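For reference, the structure is listed below as structure tokens.
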There are 2 protein chains.
Amino acid sequence: MRRDVFQAIADPTRRAIILLIAFQSMTPNAIAEHFDTSRQAVSKHLRILTECNLVKQEQSGREIYYQLNGTKMKEVDKWLEQFRKIWEGRFNELDNILSNLKNKKK
Amino acid sequence: MRRDVFQAIADPTRRAIILLIAFQSMTPNAIAEHFDTSRQAVSKHLRILTECNLVKQEQSGREIYYQLNGTKMKEVDKWLEQFRKIWEGRFNELDNILSNLKNKKK
DNA sequence: AATTTGCGAAACCGAATGATTGCGCTTATA
DNA sequence: TATAAGCGCAATCATTCGGTTTCGCAAATT
């Protein structure tokens, strides 16, 4: 069973849950109310999110509050960092320079 | 068939392919040499990456060079942006302040 | 002209995924 | 104390996923 952040955020419902509890921890029931699936389905998502440390839980009586572990999200950002140079246009600029040189040659 | 960036980068092989062609476009055969899977399997991955616009192709005779579309990666970054505040520690600092207040009360 | 090379598409297969349903446990409420 | 509420877990099921194998086609090579 693969359990990494990338697989966790692949599911749209899971991304919605992450967003939902990002700034306020919530119980499974409260989360489930925001979607048209069962509480058990949400519970399963929360288990996956917990298993890859994207989410922490805090028990309070019979209720369990789930909270986002923001730090873990950094992993995705770290991976993305490798490509940031590309989309920030530096490589496009390089392309332009090369094209210009080509054109001058003609 | 869901075809979005998040689902595309969920697979580790696909992430490796993305990294591989990020700075130099490559043919399916050349890519396949870097993994222990068949060219056809790589082709399937490239199809998925193409379908969600993460990858562009350029034909040259019978060879097809695949190239990363860096811009598309921005979508992930954009989604991540929502959480950046959290892991950058501002919320953790808030937590610390609250804990300190609690301790002082005791 | 015959053969090899590079490629995508289709058929197939076992494993994983996401959802539902039924269950049992613990905690709160009547 | 009996009942209800909140939760996780296990079984089940249809669907998707990632891989291989086989095939056909166009472009190179001989």
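This one's a predicted model, so the numbers in the text were calculated from it and none came from an experiment. Per chain, numbering begins at 1; letters A, B, ... match sequence-line order.
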Check whether any side-chain heavy atom of B/Asp77 sits under 4.5 Å from a side-chain heavy atom of A/Arg84, and report yes or no.
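The answer is yes, as the side chains (C-beta and beyond) meet within the 4.5 Å cut-off.
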Does a side-chain N or O from [X] land closer than 4.0 Å to OP1 or OP2 of [N], or not?
X       : N      : answer
A/His45 : C/dA19 : yes
A/Arg3  : C/dT17 : yes
A/Ser38 : C/dT20 : yes
A/Ser43 : D/dG8  : yes
B/Asn29 : C/dT5  : no

Regarding the side chain of B/Thr27, the nearest nucleotide among D/dG8, C/dC7, D/dG19 is C/dC7
If you check every side-chain atom of B/Ala41, which of C/dA9, D/dG8, D/dG19 has the closest atom?
D/dG19
Counting neighbours of CD on B/Gln59 that are heavy atoms of other residues, nucleotides or ligands and sit closer than 6.0 Å, is the number greater than 12?
yes
By the salt bridge (charged side-chain N to carboxylate O under 4.0 Å, His left out) test, which pairs, at least two apart or in different chains, include something from residues 14-33 of chain B?
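Every pair satisfying salt bridge (charged side-chain N to carboxylate O under 4.0 Å, His left out) with a residue in residues 14-33 of chain B: there are none.
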Give me each pair satisfying salt bridge (charged side-chain N to carboxylate O under 4.0 Å, His left out) with a member in residues 35-51 of chain A, each pair once, sequence neighbours excluded.
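Matches after skipping sequence neighbours: A/Arg3-A/Glu51, A/Arg47-A/Glu51.
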Please list residues of residues 5-22 of chain A whose heavy atoms come under 4.0 Å from any atom in DNA chain D, ordered by number; otherwise none.
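Per residue number, the list is empty: none.
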Under 4.5 Å between side-chain heavy atoms, counting indirect links through other Ile/Leu/Val/Met/Phe/Trp/Tyr residues: same cluster for A/Phe35 and A/Ile21 or not?
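In one cluster: yes.
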Membership question, hydrophobic clusters at under 4.5 Å side-chain separation (ILVMFWY): are B/Leu80 and B/Leu19 in the same one?
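Yes; tracing contacts between hydrophobic side chains, which count when under 4.5 Å, links both residues.
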Step by step, would you call B/Ile17 with B/Val55 a side-chain contact (heavy atoms from CB on, under 4.5 Å)?
CA-CA 10 Å; B/Ile17 291 177; B/Val55 147; over 6 Å; no
Close N/O contacts between protein and nucleotides 10-12 of chain D (under 3.5 Å):
none

If I take atom [atom1] in residue [X] and atom [atom2] in nucleotide [N], what distance separates them, rounded to the nearest angstrom?
X       : N      : atom1 : atom2 : answer
A/Ile31 : D/dC7  : CD1   : C1'   : 12 Å
A/Gln57 : D/dC7  : CD    : C1'   : 11 Å
A/Arg39 : C/dG24 : CZ    : C1'   : 12 Å
A/Leu46 : D/dC7  : CG    : P     : 10 Å
A/Met26 : D/dG6  : CE    : C1'   : 14 Å
B/Glu51 : D/dG18 : CD    : P     : 12 Å

Please find the pair of heavy atoms, one from A/Ile18 and one from A/Ile9, that lie closest to each other, and give the distance.
CD1-CG2, 3.9 Å
Between A/Ile86 and B/Gly70, which heavy-atom pair has the shortest distance, and what is it?
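Heavy atoms of A/Ile86 and B/Gly70 come nearest at CG2-CA, 3.9 Å.
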So B/Arg47, base contact, sugar-phosphate only, or nothing? Heavy-atom distance under 4.0 Å.
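Sugar-phosphate contact only.
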Starting from the C-alpha separation in whole Å, work towards a yes-or-no answer on side-chain contact (heavy atoms from CB on, under 4.5 Å) for B/Phe6 and A/Asp11.
CA-CA 8 Å; B/Phe6 292 98; A/Asp11 183 78; over 6 Å; no
In plain terms, say whether A/Lys78 and A/Glu81 are close enough for a salt bridge, that is, a side-chain N and a carboxylate O under 4.0 Å apart.
no
Determine which pairs satisfy ring-ring contact (aromatic ring centres under 6.0 Å, His included) with at least one residue from residues 40-71 of chain B, sequence neighbours left out, and list them in order.
none
For nucleotides 24-28 of chain D, which of its nitrogen or oxygen atoms have a protein nitrogen or oxygen under 3.5 Å away, and what is each distance?
unit_1 : atom_1 : unit_2  : atom_2 : d
D/dA27 : O3'    : B/Arg62 : N      : 3.3
D/dA27 : N3     : B/Arg62 : NH1    : 3.3

